[in-house]
Amino acid sequence: MNAQAPVLDKPRIPEPTGKSACVVGAGFGGLALAIRLQSAGIATTVVEGRDKPGGRAYFWERETDAGNFTFDAGPTVITDPDCLRELWALTGHDMGEDVELMEVTPFYRLNWPDGTNFDYSNDEAHLRAEIERVAPGDNPGYEEFLDYSARVFEEGYVKLGHVPFLDFKSMLKAAPALAKNQAWNSVYAMVSKFVQSEKLREALSFHTLLVGGNPMETSAIYALIHKLEKDGGVWWAKGGTNRLVAGMVTHFERLGGTLRLGDPVAEVTTMGAHATGVETASGWSGHFDAVASNADIMHSYRDLLGKNARGQKYAKSLAKKRFSPSLFVVHFGIEGAWPGIPHHMILFGPRYEGLLDDIYKHGVLPRDFSIYLHHPSVSDPSMAPEGMSTFYALVPVAHQGKLPIDWDEMGPELEARILAELERRLIPGLKDRIVTKFSYAPKDFARDLNAHHGSAFSLEPILTQSAWFRGHNRDDVIDNFYLVGAGTHPGAGIPGVVGSAKATAGLMLEDLHA
């Protein structure tokens, strides 16, 4: 099923304002911001250090004797497609011109070591039957949780998700809603108030892991993800998440924007409390009326603004904050089609809270793990050669600040353990079916993305690092330097970083009088 585009006005060409902006980094947040600026007539240049756009949504192609496999780095779960369609609709275009979305159902299949499966979707009758089968008697509690999720969705996402928090007064205005919805509780604690089954508690709380949060500590406000998925569905971009990125680039360039690849920004140049432009590793430089960074927040201040006192000071403050874990991801292509394995699957390990403590608190690499298994070729056969399948298996691990191990040494061992677990629980004879494989570790996040400690999601989304307590969409000191992406409000995930682009664009357009 394809997503339906909204009714649009006749496409228009943005009127130039004579103002210019630079966006550092071509991740989802950076591209969404660039589209918004260019749509408003701001001559916008995006400067990306890697050879392809996408940031964390990078991709690889692997040639084999059987044909080509496509592997997305992520993110692979697309929710709230309307926040993406809006980027095209700003100028009367239809996202369908450039991107084909496919609905995914079930959203996820959850699997436990005892063999229990739970298919989670927005098919209400099927979902209620699944709850009654796996968690008898918990349907009334689930109904209460759904009501709670709807409230925090309205008050935390619809009303506040795209609003910048620039001063503490803005946080105080949000305080009554946060208090009313018991935001000090964790998602897991709130879910546990409503349902009794441990399996259902895990099923309704694991989502925070997809944005870098510990279900045991992330604010209950993040229960809104459940409502977001139920209302908007879970989607896949045909050809891979990389095709969504490519569609955003196509639209940005259609509007007259400029994308500069393979030339990392080395410095955001400043004069006092004003950003003047950027300089890149190749020696290229540009002067702009405003600069926004979609780069890692620590990299933005410590390195890109390292010659400015503001950059040095704020980097010291950031170093004291809690950063989300990293990931270890095994990408593999195998022989055979596997129609019984859905697009998204969560294979829980024998522990839940204890495993989360090891990752978030203790910084150890345990013997057990939970796996997010991504199987795109079941929905989109173009991701693999005919008669073959594409997968990746993702395991959360502590970031390098907590777990400073040699991943060149440990990576192959962890990869073997993950593949053995998949073979034991899901894919018989997996080891002998593999056509191509490679892994991506915390050191790769640090090297390729300048991610502090190799974190996969930037700042951890706890209450004291959310909204005003997170990186501000506009810097407090450098008056024309802005942030977009996972390190600023509202946080990680596609809806989060696209929402940050909307908040940041509003500030930039107001400041540039566009």
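Computed from a predicted structure; not experimentally measured.
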| Do other residues, nucleotides or ligands put more than 12 heavy atoms under 6.0 Å from the NZ atom of Lys52? | yes
| So Glu100 and Arg243, salt bridge (charged side-chain N to carboxylate O under 4.0 Å, His left out) or not? Walk me through it. | CA-CA 9 Å; Glu100 180 180 349; Arg243 302 322 301 162; over 6 Å; no
| Tyr188 and Tyr352 aromatic ring geometry - parallel, tilted or perpendicular at 30°/60° bounds | tilted
| task | Decide, yes or no, whether a salt bridge links Arg36 with Glu86 under the criterion of side-chain N to carboxylate O below 4.0 Å. | result | yes
| task | Give me the one residue out of Lys402, Arg351, Arg367 that meets salt bridge (charged side-chain N to carboxylate O under 4.0 Å, His left out) with Asp358. | result | Arg351
| field | Aromatic contact, His207 with Phe107 (centres under 6.0 Å) | value | no
| field | ring pair (Phe, Tyr, Trp, His ring centres under 6.0 Å) against His452, all qualifying residues, sequence neighbours excluded | value | Phe323
| query | Can you tell me if His399 and Ser455 form a side-chain donor-acceptor pair at under 3.5 Å? | reply | no
| task | Indicate whether any N or O donor in one side chain lies under 3.5 Å from an N or O acceptor in the other, for Ser382 and Asp380. | result | yes
| field | Pairs flagged by salt bridge (charged side-chain N to carboxylate O under 4.0 Å, His left out) wherever residues 188-215 is involved - sequence neighbours left out | value | Asp114-Lys199
| Do Lys227 and Asp231 sit within salt-bridge range, that is, some charged N less than 4.0 Å from a carboxylate O? | yes
| request: Specify whether Phe348 and Phe206 have parallel, tilted or perpendicular ring planes, treating 30° as the upper limit for parallel and 60° as the lower limit for perpendicular. | output: perpendicular
| message | Tell me whether Glu124 at atom CD has more than 12 heavy atoms from other residues, nucleotides or ligands lying less than 6.0 Å away. | response | yes
| task | Pick out which of Val104, Thr105, Thr76 makes a side chain to side chain contact (heavy atoms under 4.5 Å, CB included) with Val234. | result | Val104
| task | Using side chain to side chain contact (heavy atoms under 4.5 Å, CB included) as the criterion, list what pairs up with Phe71, not counting sequence neighbours. | result | Trp60, Arg62, Phe69, His331, Thr390, Thr436, Phe438
| request: Could you tell me whether the side chains of Ser439 and Glu415 share a donor-acceptor contact shorter than 3.5 Å? | output: yes
| Between the side chains of His93 and Thr91, is a donor N or O closer than 3.5 angstrom to an acceptor N or O? | yes
| Does the gap between the ring centers of Tyr108 and Phe118 come in under 6.0 Å? | no
| message | Would the distance check show the side chain of Thr504 and the main-chain N or O of Ser500 forming a donor-acceptor pair, the cut-off being under 3.5 Å? | response | yes
| Exercise: do His226 and Tyr120 side chains pair donor with acceptor under 3.5 Å | yes
